[in-house]
Each structure stands twice: as C-alpha cells, then as structure tokens.
Asker: 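Just passing along the structure, written as structure tokens.
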Amino acid sequence: MTQLTAQRSDTISPDQIRARFSQAMSDMYQQEVPLYGDLIQLVADVNADYLTKNPQEELILANSQELSRLNLERHGAIRVGKPEELFNIRRVFAVMGMYPVAYYDLASAGVPVHSTAFRAVTAEAMTESPFRVFCSLLRLELIDDEDLRERAQAILDKRNIFTEEALRLVDVAEQNGGLTEEEANVFVNEALETFRWHSDATVTADEYDALSSQHRLIADVVAFKGPHINHLTPRTLDIDEVQRLMPERGIDAKLSVEGPPRRHCPILLRQTSFKALNEDIRFTDQAEGEMGKHSARFGEIEQRGVALTAKGRALYDQLLEEVRVKIGGAPTAANLDTYYTELAQIFSVLPDTHQQLHDQGLAFYHYRATAKGIEAAGQLDASLNKAQLLEQGYLSIEPMTYEDFLPVSAAGIFQSNLGDAARGSAYGSMSNQDLFERDLGQKVLSEMDLYAQDSAQSLQDALKVLGL
Ligand code: OOG
Ligand code: NI
C-alpha cells in the first residue's frame, strides 16, 4: 500500500502537512546556512525583474496559480546510509503525501549511491505544495576496501536517525490513514530533527579521513548522526542571470549550469548551485575548542521546462553524450565557453517550438478546449481526430512541467559539492533497481507513466468539454 486512506474524519490532508514541513525546513536551513538566505533573496530579485520585463509570462504564471509560490523551495536532498533508513524515510514522506518516483543510478557517474525522489503525484497536490526530496542511499557494497566497509557498516548499525515520537506518529498515521491537526504539528517538528545539521561527528579524526579518502560522500553519510539536509532549491525564471549574478553578490557559484542549453522552449531541468561551505566539525577524539572541517551543504537553484517523452528523452541523452564526448568529459574553467557553444550547437537538432515538440511526440502536453471549441461544443463532427481538433483551433496544448531529476545533472551537482577529488572513476554499470526497491519496501513509480496518464486524462476532459 502506498497511499494512506483516511479512517477518521478529523485527519488533515497530507498536502497540508507537506506544506508545513517544507516551510519548517526552509526556516531551519536558512538559519543553519545564512548564505542560502542570500541565494533566496537573489532568486527573488531576478524573478521579480524577469516578470517586470516579461509581463505576458506573469499572466500565465498567475493563471496557473504559480505566482504566489514562485520563490518557494522546489526540492531538497538527503543521503541515507542503510536500508532500514530508506524504508522508514519512505514511510515518513508518505505521511506528507510524497511517494518515490523514478530510480536514479549514480554509480555509473562515479558516485556510490542510488536514488529516488519523493514527491506529490497529482497536479492538485503539486499546486498545494511543490516540495520534493531527492533521496540517495549509500551503496557500501561498492567500497572495495573490505575492512573499511565493515567499519562503516558497524558505525551505521549503531545509529538511529528518527526520533521515537516521529516513528510513533508514522505508525499512527498508517493505522488511522492520516494525522489530526495536533498530531501533524508534533510530527512536523519531530520529522525535522532527522534533517538537522550536527557539527559533532560520530567518528574519530582518523576514521573520518579513512572514510573520506574512499569517497568524500561516504564520510558525509557515515560520520554523522543523521542525514542532514544538504541543500534546498528554489525555482528561478532565469537561471543564467542568477548564475551571472552570484559572484557579484559574493556567492561562490558552481562552474557551469547543468542540463540542456538555454532555449526558446525550456525542456526538462537546468540547475546550478553555490559551492558547499567548508564547515567546522568536531570529531569524537578532539578536545574542546579543536575543530575539523567538512563540506557538504550548499544552495541550489533550478529552472524547469517541459517533460520529455521516452522518445524525447532518448534524444536528450544522446545529445548530452555527444557534447560530453566532444568536450572530453565534464566542462572545465578552460573550456567553458566552448562547452556552452557546443551544447547549443549540438542541441539545435531538437525542435524548439511546442508545436513541433508535440507533433513529433517528443514532449508531454496538457490539452484544453479553446474558447472557440467551447462555443462549438456539441456541434463538432465526431470523426475529427486530435490533430484535426488542434489544427482547427478547438483544442490547444500547454506544456507539462518536468517534475523529476536528471542523473547526469545530479552527478554534476554531487561532484561540484564534494570537491573535484570526488570526480572519481565510474563504478561501472552496477545499477540495481531491484535491490533499491527491496530496501525501500515498494516499487518506485514510473515518471513516464505519471506524465502519460496526466496528458491522456487532460485530453479526455477536454473532449468531454467539446461534447465529443
Ligand atoms: C543530491 C544531488 C542531486 C539534484 O538537484 O539533481 C540533486 C545530493 O547532492 O545529495 O539534488
Ligand atoms: Ni538538488
């Protein structure tokens, strides 16, 4: 069973719990990482400026109820260490109406984790709160040093990342099909504890070094009490402008924007971040006043475009790989301009109008009955097909926003925040979705199915409006 079904009349909606949790997380993270507050401000400024210059876009956003929540966080990320943690985090997110969507294998990009994203799965729920969490599980089995693997396992075995009260309330929610107002408020505070930063490490300085020298990420997961939230990500309407302005505001930006190039019709997801802070931490064998260093926490921004179909996605992956081959790997400071030029050049084969993307079956769209269609409702020739209805102006299309993530981009984000030392060699093709789903306790939902169903549903609704 994935979704909770209310058994009592006094439970509140999971979407409300998610909205509260997302706000609490944002407040906590801005306090923990003040630079993230600066990033939020920069994004708000750029978005406001963009809307002033593009009033027609403001109208579209207002109509789709996007405007009021424009500067809210769209996602955060955590990394858990053991199967039981993944299993229970799934239960915690279900209380907030967030379900695991898609499987991401990052091992082939040199990061020893596999991941999913917990998110709302209906448009209405997404409108209520767009918050989602990219969640990675460390794959200790990929550590080749057997001794270190066993030590890491033993350290993780001892920890419990949830408060007793949080787990108790998850049980209550599962039994009653939800939480009451009062329970929900307690739950939000208790769940938040899991994501809090702890500057006290759980290991000695030597242990930390050993973990870190295998992979920086392993130290980040194993050496701490819990899976601290490592970034939050608001949405921007102009990512290139934020990237340009970050240094001016004293924010140390990642080298390049991940994902597709800037286009007329944005596709999928573009992301950039500021580099992780170098923070004071204390190892278990350090005296009062002595400090070690760890960097993991950063701030990120995203700009989302239309979701691609399997056909569109295959083309995207192929073009991205072409760019990688041409550039000889990830971009560097030395070839950055060439990188962006090649990216734009190579992607120019992907059509850049919604009409073409739609007609060639490359992207997903919602269908709406137009004013002309509504007027003609009931009198239309029943033999008209979708293409004809579109062509004759009875139906219109609206791009469906991509709500998920991109493994190559995610690997780039991981790497730039773990230091270049983390740009390790690939762990080969060790994808293991079955193992991940066993640990998770259910199958991940298919993002392609969700988009396809949504699109088909909108067509059915629109046809009904047209009386067809
Ligand atoms: C997750 C990186 C992936 C994204 O936006 O692609 C991610 C992490 O660093 O733990 O958040
Ligand atoms: Ni992210």
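Whatever order the structure lists them in is the order used to number ligands and atoms, beginning at 1. Note that the coordinates shown come from a computational prediction; the quantities given were computed from them, not determined experimentally.
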Asker: Can you tell whether the side chains of Arg297 and Glu279 come within less than 4.0 Å, N to carboxylate O?
Answerer: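 Looking at Glu279 together with Arg297, the answer is yes, because their closest N to O distance falls below 4.0 Å.
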Asker: Classify the ring geometry of His294 against Trp197: parallel below 30°, tilted from 30° to 60°, perpendicular beyond 60°.
Answerer: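 Ring orientation, 0 to 90° scale: parallel.
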Asker: I'd like the contact residues of ligand 1, where contact means a heavy atom below 4.0 Å.
Answerer: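 Around ligand 1, where the cutoff is 4.0 Å for heavy atoms, the contacting residues are His75, Ala77, Arg79, Phe134, Asn230, His231, Gln271, Glu300, Phe405, Ala410, Phe414.
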Asker: Both conditions, 6.0 Å and 45 degrees, for the charged tip of Arg313 above the ring of Tyr316: are they met here?
Answerer: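 Arg313 over Tyr316 ring: no.
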Asker: Among Phe134, Tyr103, Phe118, Phe414, exactly one meets ring-ring contact (aromatic ring centres under 6.0 Å, His included) together with Phe405. Which residue is that?
Answerer: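 Answer to the ring-ring contact (aromatic ring centres under 6.0 Å, His included) test with Phe405 among Phe134, Tyr103, Phe118, Phe414: Phe134.
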Asker: To the nearest 10°, what's the angle at the Ni ion (ligand 2) between atoms OE1 (Glu300) and NE2 (His75)?
Answerer: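 Here the angle at the metal atom is close to 80°, to 10°.
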Asker: Take atom CD in Gln31; do more than 12 heavy atoms of anything else shown fall under 6.0 Å from it?
Answerer: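 Open: at most 12 neighbouring heavy atoms sit under 6.0 Å from CD of Gln31.
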Asker: For the residue pair Phe131 and Phe21, categorise the inter-ring angle as parallel (less than 30°), tilted (30 to 60°) or perpendicular (more than 60°).
Answerer: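 Because their plane-to-plane angle lies in the 30° to 60° range, the rings of Phe131 and Phe21 count as tilted.
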